[in-house]
**Student:** 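A single structure is presented below for examination.
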Number of protein chains: 2
Amino acid sequence: MSAETKVQILDAAERLFAEHGFGDTSLRAITTQAKVNLASVNYHFGSKKQLIQEVLQRYLTVLMPAVDDELQNLLRRQPSPDVGQVFSCLVKPLLSLNLVHPDGTAIFVRLLGRGYSESQGHLRKYITFHYGAVLRAFVHAVHLAVPQLSPAEIFWRLHFAIGTFVFTMASSKALSEIALADYDQEVTVEGIIARLMPYISAGVGAPGTEVSPHPLMDIA
Amino acid sequence: MSAETKVQILDAAERLFAEHGFGDTSLRAITTQAKVNLASVNYHFGSKKQLIQEVLQRYLTVLMPAVDDELQNLLRRQPSPDVGQVFSCLVKPLLSLNLVHPDGTAIFVRLLGRGYSESQGHLRKYITFHYGAVLRAFVHAVHLAVPQLSPAEIFWRLHFAIGTFVFTMASSKALSEIALADYDQEVTVEGIIARLMPYISAGVGAPGTEVSPHPLMDIA
DNA sequence: ATAGATTTCAAACTGTTGTTTGAATTGGTT
DNA sequence: AACCAATTCAAACAACAGTTTGAAATCTAT
């Protein structure tokens with residue numbers, strides 16, 4: 001029954017973390033919802049911090065290799081991809097999280113948003129450390145798609161894209177409610193992702209403006 | 001000396017809120033940094049919640065009327081603006097916050113990011129209630145710039161843009177450090193905003209794709 | 001069936017949070 | 001100078017956080 005308890009904790013934790021954030025979700029709230037004893041979190045995971053890590057890990061170990069596969073597939077059949085194609089490599093892997101877990105895509109992507117804005121760069125470092133190769137492959141593919149942009153420009157644009165994505169997903173619940181009330185739109189995660197792609201593709205692929213980062217030095 | 005204490009609390013609070021978020025900043029941390037007594041927060045502001053509100057208010061009362069002015073100026077001399085011109089209406093008002101307060105732009109925009117992702121829609125409602133007219137004026141201007149997009153599509157794109165903006169600014173400190181280390185770029189808030197503009201303009205102005213929000217209904 | 005390891009449980013512990021209290025101090029007005 | 005209101009202050013408050021404890025219960029393997 002050990003595995004049972006661990007899974008119940010992870011399932012309850014990911015939902016509460018996604019909805020209220022890591023800091024504002026207490027272990028008591030998690031164990032109550034998971035119907036397990038309070039102490040079992042520390043018994044099975046050691047600490048709250050490690051619980052958070054395992055919650056994210058469960059998704060990352062599925063997502064990242066899938067993204068890597070998609071990228072390799074794309075570049076094999078299309079050595080000069082466009083931006084839309086590169087970003088589309090994220091779609092299927094993201095949606096496949098729905099098969100791993102009901103509502104998995106939405107939950108993971110909200111967790112990602114929380115992790116990026118709450119953990120002061122902790123999550124970023126974790127991903128960079130454990131999945132650096134996949135990240136580099138992705139950046140490389142983007143570079144193939146928009147070779148006219150400098151590496152620095154690509155760096156910024158990619159983080160803009162992450163921001164667009166992560167923020168939208170973190171607020172997706174509220175946004176969906178507004179869309180339903182104001183525009184009679186029933187919204188799904190797939191729908192939001194589909195709407196995001198043109199925006200991100202156009203943004204990342206926008207004409208480069210190698211802005212001087214030292215406006216005052218133009219005078220000197 | 002009353003005004004003195006209030007201002008010191010607000011100044012310390014906005015910096016700590018911007019850096020660590022609202023939930024993870026204790027009143028004790030604020031009062032220590034402000035060099036005032038712990039109880040003075042409740043004396044002058046009533047509660048932590050109201051302190052947060054006043055911190056944001058101090059900026060919104062400067063920013064929003066300025067944005068309104070810029071929008072009216074633009075539409076008067078350019079009844080059919082493009083997307084870039086509309087979003088440029090945000091730039092000067094945002095940078096003017098730097099005059100109100102040292103580093104005001106960066107602080108405010110980080111607060112905005114925190115508020116949007118942490119306060120579960122509380123901030124959004126506050127802004128909508130108090131500055132609904134300015135928001136509508138902005139949406140109207142965007143509609144003039146991209147009349148081919150449906151109101152629903154504009155709604156989504158604007159929130160994508162907010163996400164891009166707010167997330168970038170919330171992580172601007174970390175991003176600036178990376179940019180400096182990896183690309184030898186000294187980065188300022190002005191520089192980031194300048195880089196953001198082409199991305200957001202291209203994203204919001206991207207060709208519309210009125211995606212079916214009910215993918216399964218296509219089959220039925 | 002019994003011994004030993006694993007897991008659960010209620011309870012307590014330690015630290016921190018926002019808030020309140022009532023006395024001490026300060027400021028302005030007459 | 002004397003009074004009253006406004007402000008500051010140290011201290012305590014209750015609620016809640018994550019974690020630890022040691023005994024009870026359960027499972028596993030001989």
Side-chain angles (χ1 to χ4, degrees), chain A residues 1-58 110-111 114-115 117-123 126, chain B residues 1-58 110-111 114-115 117-123 126:
Chain A
M1 285 291 172
S2 159
E4 192 67 21
T5 301
K6 271 191 90 163
V7 171
Q8 274 170 325
I9 293 174
L10 285 170
D11 288 350
E14 67 174 18
R15 259 177 303 161
L16 291 169
F17 283 153
E19 184 143 8
H20 304 109
F22 301 111
D24 289 342
T25 300
S26 69
L27 294 185
R28 284 168 176 81
I30 293 171
T31 53
T32 299
Q33 173 139 352
K35 296 200 209 347
V36 300
N37 187 270
L38 168 62
S40 56
V41 171
N42 290 283
Y43 177 77
H44 285 284
F45 297 92
S47 67
K48 184 181 181 179
K49 202 166 188 168
Q50 288 172 55
L51 170 62
I52 295 174
Q53 202 166 294
E54 291 208 31
V55 163
L56 287 166
Q57 231 167 22
R58 204 159 55 142
R110 272 174 224 176
L111 289 174
R114 299 286 186 185
S117 48
E118 285 183 33
S119 75
Q120 72 228 41
H122 226 328
L123 175 61
Y126 178 86
Chain B
M1 283 290 174
S2 158
E4 192 66 23
T5 301
K6 271 191 89 163
V7 171
Q8 275 172 323
I9 292 174
L10 285 170
D11 288 350
E14 68 174 18
R15 259 178 302 163
L16 291 170
F17 284 153
E19 185 143 5
H20 304 109
F22 300 112
D24 289 342
T25 300
S26 69
L27 294 185
R28 282 168 178 80
I30 294 171
T31 53
T32 299
Q33 174 139 352
K35 297 201 212 339
V36 300
N37 187 269
L38 168 63
S40 56
V41 171
N42 289 283
Y43 177 78
H44 285 285
F45 297 92
S47 68
K48 185 182 182 180
K49 202 166 190 170
Q50 287 172 57
L51 170 62
I52 295 174
Q53 200 165 296
E54 290 208 29
V55 164
L56 288 165
Q57 229 167 24
R58 208 160 51 143
R110 275 176 222 173
L111 289 174
R114 299 287 186 185
S117 47
E118 286 183 33
S119 76
Q120 74 227 36
H122 226 331
L123 175 61
Y126 178 85

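Any value given below was found using the heavy atoms of this structure, including those in side chains, with hydrogens, waters and symmetry copies removed. Labels below follow one simple rule: chain letters A, B, ... track the order of the sequence lines, proteins then strands, and each chain is numbered from 1.
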**Student:** Looking at every heavy atom in both B:Ala34 and B:Gln8, which two are closest together, and how far apart are they?
**Tutor:**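 Here B:Ala34 and B:Gln8 meet closest at CB-O, 3.5 Å.
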**Student:** Roughly how many Å is it from CG in B:Asn42 to C1' in D:dA11, rounded to a whole number?
**Tutor:**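 The answer, rounded to whole Å, is 15 Å.
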**Student:** Measure CD/A:Glu4 against C1'/D:dC27 and give the value in whole Å, please.
**Tutor:**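 After rounding, the gap between these two atoms is 15 Å.
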**Student:** Could you list all the side chain to side chain donor-acceptor pair (under 3.5 Å) pairs where at least one residue sits in residues 21-33 of chain A, not counting sequence neighbours?
**Tutor:**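 Of all non-adjacent pairs touching residues 21-33 of chain A, none passes side chain to side chain donor-acceptor pair (under 3.5 Å).
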**Student:** Can you name the closest pair of heavy atoms from B:Ala12 and B:Ile30 and give their distance?
**Tutor:**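 For B:Ala12 and B:Ile30, the tightest heavy-atom pair comes out as CB-O, 3.8 Å.
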**Student:** Whole angstroms only, please: what is the NZ-C1' distance between B:Lys6 and D:dA6?
**Tutor:**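 To the nearest whole Å, that distance equals 14 Å.
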**Student:** Look at the side chain of B:Ser47 and decide which nucleotide, out of C:dC9, D:dT19, C:dT19, has an atom nearest to it.
**Tutor:**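 Out of C:dC9, D:dT19, C:dT19, the nucleotide with an atom closest to B:Ser47's side chain is C:dT19.
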**Student:** With a cut-off of less than 4.0 Å, is there a side-chain N or O of A:His44 near OP1 or OP2 of C:dT8?
**Tutor:**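 Affirmative; the distance criterion is met.
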**Student:** Calculate the interatomic distance between B:Leu51 atom CG and C:dG18 atom C1'; express it in whole Å.
**Tutor:**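 In whole Å, C:dG18 C1' lies 12 Å from B:Leu51 CG.
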**Student:** Tell me whether the OP1 or OP2 atom of C:dT7 has a side-chain N or O from A:Thr5 closer than 4.0 Å.
**Tutor:**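 It does not, given that no N or O in the side chain of A:Thr5 lies less than 4.0 Å from OP1 or OP2 of C:dT7.
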**Student:** Which atom pair, heavy atoms only, marks the closest approach of A:Lys48 to A:Phe22?
**Tutor:**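 That would be NZ-O, 3.1 Å.
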**Student:** May I have the distance from B:Phe45 (atom CZ) to C:dG18 (atom C1'), rounded to whole angstrom?
**Tutor:**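 So the two atoms are 15 Å apart, to the nearest Å.
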**Student:** Nearest-Å distance, CZ (B:Phe22) to P (C:dG18)?
**Tutor:**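 Atom CZ in B:Phe22 sits about 14 Å away from atom P in C:dG18.
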**Student:** So among A:Lys6, A:Arg58, A:Lys35, which one has a salt bridge (charged side-chain N to carboxylate O under 4.0 Å, His left out) with A:Asp11?
**Tutor:**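 Checked A:Lys6, A:Arg58, A:Lys35 against A:Asp11; only one passes salt bridge (charged side-chain N to carboxylate O under 4.0 Å, His left out): A:Arg58.
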**Student:** Can you list the steps and then say if B:Thr5 with B:Asn37 is a side chain to side chain contact (heavy atoms under 4.5 Å, CB included)?
**Tutor:** CA-CA 9 Å; B:Thr5 301; B:Asn37 187 269; over 6 Å; no
**Student:** Between C1' on D:dC13 and CG on B:Leu38, what's the gap in Å once rounded to a whole number?
**Tutor:**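 It works out to 12 Å between those atoms.
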**Student:** Heavy atoms only: give me the nearest B:Ile9-B:Ser40 pair and the separation to one decimal.
**Tutor:**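 Smallest interatomic distance, heavy atoms only, reads CD1-OG, 3.7 Å.
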**Student:** Rounded to the nearest 0.5 Å, how far apart are CD of A:Glu19 and CZ of A:Arg114?
**Tutor:**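 One gets 8.5 Å once the value is rounded to the nearest 0.5 Å.
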**Student:** Using nucleotides 15-17 of chain D, report all nitrogen or oxygen pairs with the protein that are shorter than 3.5 Å.
**Tutor:**
unit_1 : atom_1 : unit_2  : atom_2 : d
D:dA17 : OP1    : A:Ser26 : OG     : 3.3

**Student:** Of the nucleotides D:dT7, C:dC9, C:dT19, which one has an atom closest to the side chain of B:Tyr43?
**Tutor:**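 Out of D:dT7, C:dC9, C:dT19, the nucleotide with an atom closest to B:Tyr43's side chain is D:dT7.
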**Student:** How far apart are the closest heavy atoms of A:Val55 and A:Ala13, and which atoms are they?
**Tutor:**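 It is CG2-CB, 4.1 Å.
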**Student:** Can you find a side chain N or O atom of B:Asn37 that sits less than 4.0 Å from OP1 or OP2 on D:dA10?
**Tutor:**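 For D:dA10, OP1 or OP2 has a side-chain N or O of B:Asn37 closer than 4.0 Å.
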**Student:** Would you write out the dot-bracket form of DNA chain C, 5' to 3', with Watson-Crick and G-U pairs under 3.5 Å, [ ] for crossing pairs, | for pairs to other strands and . for unpaired bases?
**Tutor:** |||||||||||||.||||||||||||||.|
